[in-house]
> 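Next up is a structure, given as structure tokens.
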Number of protein chains: 2
Amino acid sequence: MVTKQLRGATARPIKKDDADLARADSLAREIFADIANKWALLIVETLGDDTLRFTELRDGIEGISHKMLTQNLRLLERNGLVERTVHPTVPPRVEYTLTEPGRGLRATVDAMCDWTHRHLGAIESARHRFDGV
Amino acid sequence: MVTKQLRGATARPIKKDDADLARADSLAREIFADIANKWALLIVETLGDDTLRFTELRDGIEGISHKMLTQNLRLLERNGLVERTVHPTVPPRVEYTLTEPGRGLRATVDAMCDWTHRHLGAIESARHRFDGV
DNA sequence: CAGGATCCTAGGGGATACTG
DNA sequence: CAGTATCCCCTAGGATCCTG
């Protein structure tokens with residue numbers, strides 16, 4: 001589970017503490033569900049250190065639909081990972097960038113991508129082995 | 001995108017190289033899609049250093065259905081992240097454990113979980129701000 | 001106990017059209 | 001250009017039953 005094993009750490013479990021832990025738990029699960037999804041992670045990864053417009057993001061992420069992009073951007077914005085700046089020009093110009101916490105998450109996503117690339121070969125052969133049987 | 005920016009690195013892009021890069025790309029995307037999903041990541045995280053039976057995993061991951069568990073376990077097995085050992089006893093005993101590459105991925109998932117827990121507060125207030133408006 | 005196979009529904013997610 | 005709303009289809013995924 002997402003929960004870190006620090007349950008038994010407190011001297012004597014008081015009721016209120018348990019309730020707090022439970023709340024933190026379900027919150028963590030909720031956040032994890034928001035974040036641990038293909039599109040959200042790809043958006044974070046694509047944004048990187050840049051400031052990108054809606055269309056630039058859309059073009060940068062192959063296969064993402066208009067709808068999924070807006071939807072996930074709202075989610076990320078709501079969780080404070082992405083900052084959205086609207087320039088009141090015409091036509092409108094909306095820019096997205098990672099917030100400080102967002103960049104923190106990005107580091108871990110980077111690690112995941114690195115991992116993927118380092119294991120491309122191993123995974124490919126594992127697949128062949130599996131499919132062959 | 002998952003693709004690392006090493007496209008322009010080669011001296012002169014020869015056709016074959018491009019084709020290879022494209023293949024690696026789509027493979028990376030495929031793997032990423034397999035892995036960057038809530039259940040797969042939770043399974044990896046839950047397995048950790050342990051060797052768990054099907055039912056233990058099922059009980060350890062709150063909210064996962066029988067079907068989703070088997071489905072994702074097969075996927076992880078196919079990609080060589082999880083090893084499945086069947087003990088031909090009766091009733092059967094099937095154990096799952098992370099492979100070496102699987103443990104590598106686990107490290108990055110751990111980082112993601114850590115990140116989540118460190119930012120619980122920040123995210124919660126970001127949400128209130130967002131929802132309040 | 002592990003896990004296929006089947007059925008069936010909710011909602012994820014695409015395409016399109018409309019506003020500011 | 002960015003974003004919302006509508007329609008609609010298709011599949012992810014839950015519940016259930018059946019085998020070794």
Side-chain angles (χ1 to χ4, degrees), chain A residues 1 29-44 46-47 50-79 81-98 130-131 133, chain B residues 1 29-44 46-47 50-79 81-98 130-131 133:
Chain A
M1 216 188 306
R29 283 295 292 255
E30 217 181 298
I31 297 171
F32 195 77
D34 277 1
I35 285 170
N37 109 22
K38 187 183 161 188
W39 294 133
L41 291 184
L42 278 176
I43 291 175
V44 169
T46 305
L47 268 178
D50 302 338
T51 297
L52 298 178
R53 305 182 56 170
F54 185 86
T55 328
E56 291 171 336
L57 265 173
R58 198 190 189 309
D59 295 343
I61 305 175
E62 180 173 323
I64 197 170
S65 71
H66 186 104
K67 189 176 177 178
M68 284 304 96
L69 184 53
T70 40
Q71 192 167 302
N72 281 283
L73 278 174
R74 288 300 155 274
L75 223 66
L76 291 173
E77 191 192 352
R78 180 171 120 91
N79 288 314
L81 306 190
V82 159
E83 186 178 340
R84 175 169 177 269
T85 6
V86 184
H87 297 84
T89 58
V90 45
R93 177 186 191 86
V94 183
E95 294 181 329
Y96 294 92
T97 186
L98 290 182
F130 186 91
D131 295 340
V133 179
Chain B
M1 215 190 305
R29 284 294 292 256
E30 218 180 297
I31 297 170
F32 195 77
D34 277 1
I35 286 170
N37 111 24
K38 186 185 163 187
W39 293 132
L41 292 184
L42 278 177
I43 290 175
V44 169
T46 304
L47 268 179
D50 302 337
T51 297
L52 298 178
R53 306 182 56 170
F54 185 86
T55 328
E56 292 172 335
L57 265 172
R58 197 189 190 310
D59 295 343
I61 305 175
E62 180 173 324
I64 198 170
S65 71
H66 185 105
K67 189 176 177 179
M68 283 304 96
L69 183 53
T70 39
Q71 191 167 303
N72 281 283
L73 278 173
R74 289 299 156 275
L75 223 66
L76 292 172
E77 192 192 352
R78 181 171 119 92
N79 287 314
L81 306 189
V82 159
E83 186 178 339
R84 175 168 177 271
T85 7
V86 184
H87 297 82
T89 60
V90 43
R93 176 186 192 86
V94 183
E95 296 182 326
Y96 295 93
T97 186
L98 290 181
F130 186 90
D131 295 340
V133 179

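Just so it is clear, the values below take in all heavy atoms, side chains as well, and ignore hydrogens, waters and symmetry mates.
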> Which comes earlier along DNA chain C counting from the 5' end, the contact point of A:Ser65 or that of A:Pro92, where each point is its nearest nucleotide?
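Result: A:Ser65.
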> Nearest whole angstrom, please: distance from the P of D:dG14 to the CD1 of B:Ile64.
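Nearest whole value for this atom pair: 8 Å.
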> Measure the spacing between CG of B:Leu69 and CG of B:Leu57 and express it to the nearest 0.5 Å.
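With rounding to 0.5 Å, CG (B:Leu69) is 5.5 Å from CG (B:Leu57).
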> Any side-chain N or O of B:Arg58 less than 4.0 Å from the OP1 or OP2 oxygen of C:dC1?
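Result: no.
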> Rounded to whole Å, please give me the gap between CG in B:Leu69 and P in C:dG3.
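B:Leu69 atom CG is separated from C:dG3 atom P by 8 Å.
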> Counting heavy atoms from C-beta on, name the nucleotide in C:dG4, D:dT4, D:dC1 closest to the side chain of B:His66.
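Shortest atom-to-atom distance from the side chain points to C:dG4.
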> In whole angstroms, how far is the C1' atom of C:dG12 from the CH2 atom of A:Trp39?
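Rounded to the whole Å, the gap is 13 Å.
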> Among B:Leu81, B:Leu76, B:Leu75, which residue meets the side-chain contact (heavy atoms from CB on, under 4.5 Å) test with B:Asp34?
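Single pass found, and it is B:Leu75.
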> Would you indicate which nucleotide in C:dG14, D:dG3, D:dG14 comes nearest to any side-chain atom of A:Arg84?
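Looking only at side-chain atoms, A:Arg84 lies closest to D:dG3.
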> Can you measure B:Leu57 atom CG to C:dC1 atom C1' for me and round it to whole angstrom units?
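B:Leu57 atom CG is separated from C:dC1 atom C1' by 14 Å.
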> CE of A:Met68 versus P of D:dA5: gap in Å, rounded?
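Computing the A:Met68:CE to D:dA5:P distance gives 15 Å.
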> If I take atom CG from residue A:Leu73 and atom CZ from residue A:Arg58, how far apart are they, to the nearest 0.5 angstrom?
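Here the rounded value is 11.5 Å.
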> Hey, is the side chain of A:Tyr96 poking within less than 4.0 Å of OP1 or OP2 on D:dG3, counting only N and O atoms?
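Answer is yes, contact under 4.0 Å.
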> Of the candidate nucleotides C:dC1, C:dG14, D:dG3, which contains the atom at the shortest distance from the side chain of A:Thr70?
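Nearest to the side chain of A:Thr70 among the choices is D:dG3.
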> How many Å lie between CG on A:Leu75 and C1' on C:dG13, as a whole number?
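About 15 Å, once rounded to whole Å.
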> Nearest to the side chain of A:Arg74, heavy atoms from C-beta on, is which of C:dC1, D:dG14, D:dT4?
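Given the options C:dC1, D:dG14, D:dT4, the side chain of A:Arg74 is closest to D:dT4.
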> Quick one: label B:Arg93 by what it contacts on the DNA or RNA (base, sugar-phosphate, nothing), any heavy atom closer than 4.0 Å.
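The residue B:Arg93 makes no contact with any strand.
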> So does A:Thr97 get a backbone contact from the side chain of A:Thr51, meaning a donor-acceptor N/O pair under 3.5 Å?
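No; judged by distance alone, with no hydrogens or angles, the pair does not exist.
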> Would you give the length of the straight line joining atom CD of B:Glu95 to atom CG of B:Asp50, rounded to the nearest 0.5 angstrom?
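CG of B:Asp50 is found 11.0 Å from CD of B:Glu95.
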> Check the distance between D:dT4's P and A:Lys67's NZ and give it to me in whole angstrom.
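Answer to the nearest Å: 12 Å.
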> Return the value, rounded to whole Å, for the distance between atom NZ of A:Lys38 and atom P of C:dG12.
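A:Lys38 atom NZ is separated from C:dG12 atom P by 16 Å.
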